[in-house]
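As a basis for the values below, the full set of heavy atoms in this structure was taken, side chains included, without hydrogen atoms, waters or symmetry mates.
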Protein chains: 2
Amino acid sequence: MVDDGTGSDAAVPRKRSDARRNQEALLDAAAAAFIAAGVHVPVRDIATRAGVGVGTIYRHFPTRADLIVAVYHHQIEACAAAGPRLLASAGTPHAALAGWIDLFVDFLVTKHGLAEALRSDDATFGKLHAHFLDRLLPVCAHLLAAAAAAGEIRPDVGALELMRGVGNLCIGDNSDPRYDARRMVGFLVAGLRLPAVP
Amino acid sequence: MVDDGTGSDAAVPRKRSDARRNQEALLDAAAAAFIAAGVHVPVRDIATRAGVGVGTIYRHFPTRADLIVAVYHHQIEACAAAGPRLLASAGTPHAALAGWIDLFVDFLVTKHGLAEALRSDDATFGKLHAHFLDRLLPVCAHLLAAAAAAGEIRPDVGALELMRGVGNLCIGDNSDPRYDARRMVGFLVAGLRLPAVP
DNA sequence: CGAACATACGGAACATCGTTCCGTTTACCA
DNA sequence: TGGTAAACGGAACGATGTTCCGTATGTTCG
């Protein structure tokens with residue numbers, strides 16, 4: 001719901017062309033910098049890549065979280081949209097849950113430092129955390145409820161604790177080949193299952 | 001195996017008395033500072049508490065990891081020693097494993113920021129990570145092997161991945177009452193179980 | 001006991017990074 | 001084309017980790 005100046009009505013005065021151009025340049029530069037050096041890349045590096053001053057970054061994206069959210073906006077939305085789709089197509093609610101968690105894990109482990117940032121107690125990342133929760137928590141809760149209703153998992157698992165646990169398990173996945181976050185997440189999700197009662 | 005100047009032979013020249021005194025003062029100050037502000041407390045704060053200059057810290061403890069390891073040395077050793085004891089006293093190997101993991105989790109969540117530091121990819125903490133693994137990995141491996149041999153858990157679980165997963169789940173436990181690391185670790189350990197074959 | 005020497009100390013100084021602020025430039029509109 | 005408001009750039013500031021060297025002090029030996 002961000003007005004980028006190309007919007008539909010005239011309530012908000014159109015942004016200046018250089019501002020729009022710089023915002024685009026910043027998004028591109030940040031995306032490249034995140035891939036090259038992780039989401040903790042120094043602000044000055046992003047500014048240099050984009051050919052702007054650091055002041056321009058703070059004007060467009062007051063906190064690092066805003067920039068990260070903007071860069072990954074599409075992928076976060078795609079992940080949110082995948083929840084209901086999986087629930088409809090997968091064989092069981094538990095399979096849908098597992099599939100969705102896989103998507104979430106894939107997203108996190110392919111963005112260097114994102115899982116760490118998500119869990120940082122630094123207030124700067126509070127908005128990042130909040131945005132992830134806003135978009136993805138309801139999806140996760142829905143999948144959990146379906147699996148619980150089907151008697152496949154214990155009924156007392158909260159969506160927030162599961163997402164945080166999964167996010168935590170993704171930390172450091174890229175720094176040591178002996179650690180595989182997907183495997184650990186698999187164990188965690190398996191631990192939610194109820195013993196089959198025949 | 002650090003020579004503190006009170007050692008047995010004279011191969012190493014005895015350290016100066018002020019050096020020994022300052023090292024003690026630094027350990028006390030660091031312990032207090034870690035409790036008050038976490039293991040990421042600024043170096044200057046520790047120096048001020050100890051009544052020394054920052055140079056003295058770096059002389060005694062070249063990296064933050066060295067200081068952390070020294071402060072928690074006793075507790076790490078106690079955790080290592082608890083492994084065999086639990087295996088002997090607990091009803092089943094799996095119970096011993098679960099009990100030991102509980103000790104490990106308790107240790108981590110009561111030291112603000114320690115779990116985070118353990119997982120930081122900052123090279124400064126490499127020695128911290130290495131020391132934890134040196135002392136605790138064999139203990140964990142032993143417990144895992146016993147539980148696997150008893151057929152209680154799947155046989156392909158590595159000690160390193162388990163310890164890292166558990167450590168990761170402990171991150172941020174103190175920053176949000178809605179997240180309980182012990183609960184998540186419980187799910188993870190439960191996920192290692194093999195279905196009972198009667 | 002007192003001097004000489006090695007050891008250790010303290011904190012100033014430097015580097016990095018996030019963040020703010022304001023003089024200058026630029027786009028837009030009349 | 002000129003005026004105005006928006007946006008820009010980067011210097012400057014504060015916090016923190018780290019290094020370095022002139023100074024102080026413990027220890028030893030004559």
Fill in the blank from the handout: Considering only heavy side-chain atoms of B:V54, the closest of C:dC9, C:dG11, D:dC8 is C:dG11
Handout entry: Heavy atoms of other groups near B:H142 NE2, more than 12 under 6.0 Å
Key = no
Exercise for the section: For B:P62 and for B:R59, locate the closest nucleotide of DNA chain D by heavy-atom distance; then report the residue assigned to the nucleotide nearer the 5' terminus. Expected result: B:P62
Practice task
Using whole Å, report how far CZ of A:F125 lies from C1' of C:dG18.
Solution key: 11 Å
Problem - Residues B:D45 and B:T48: side-chain donor-acceptor under 3.5 angstrom - result: no
Completion exercise
When rounded to whole Å, the CG to P distance for the pair B:D122 and C:dT16 reads 15 Å
Problem - Atom NE2 of A:H60 with >12 non-hydrogen neighbours under 6.0 angstrom - result: yes
Exercise for the section: Kindly give the heavy-atom pair with the smallest separation between A:A65 and A:K127, and that separation in Å. Expected result: CB-CB, 4.0 Å
Completion exercise
B:R64 CZ to D:dT18 P, in whole Å, measures 8 Å
Completion exercise
Applying side chain to side chain contact (heavy atoms under 4.5 Å, CB included) to A:D121 and not counting sequence neighbours gives none
Handout entry: Nearest non-hydrogen partners of A:V39 and A:F34, listed with the distance
Key = CA-CD2, 3.7 Å
Exercise for the section: Compare side-chain N and O positions of B:N22 against OP1 and OP2 of C:dC9 and report whether any pair is under 4.0 Å apart. Expected result: yes
Completion exercise
Here the residues of residues 37-49 of chain B within 4.0 Å heavy-atom distance, strictly under, of DNA chain D are B:P42, B:V43, B:R44
Strictly under 3.5 Å: I want the nitrogen or oxygen pairs between protein and nucleotides 26-28 of chain C, one per line.
from	atom 1	to	atom 2	distance (Å)
C:dT26	O2	A:R16	NH1	3.0
C:dT26	O2	A:R16	NH2	3.3
C:dA27	O3'	A:S17	OG	3.3
C:dC28	OP1	A:S17	N	3.0
C:dC28	OP1	A:S17	OG	3.1

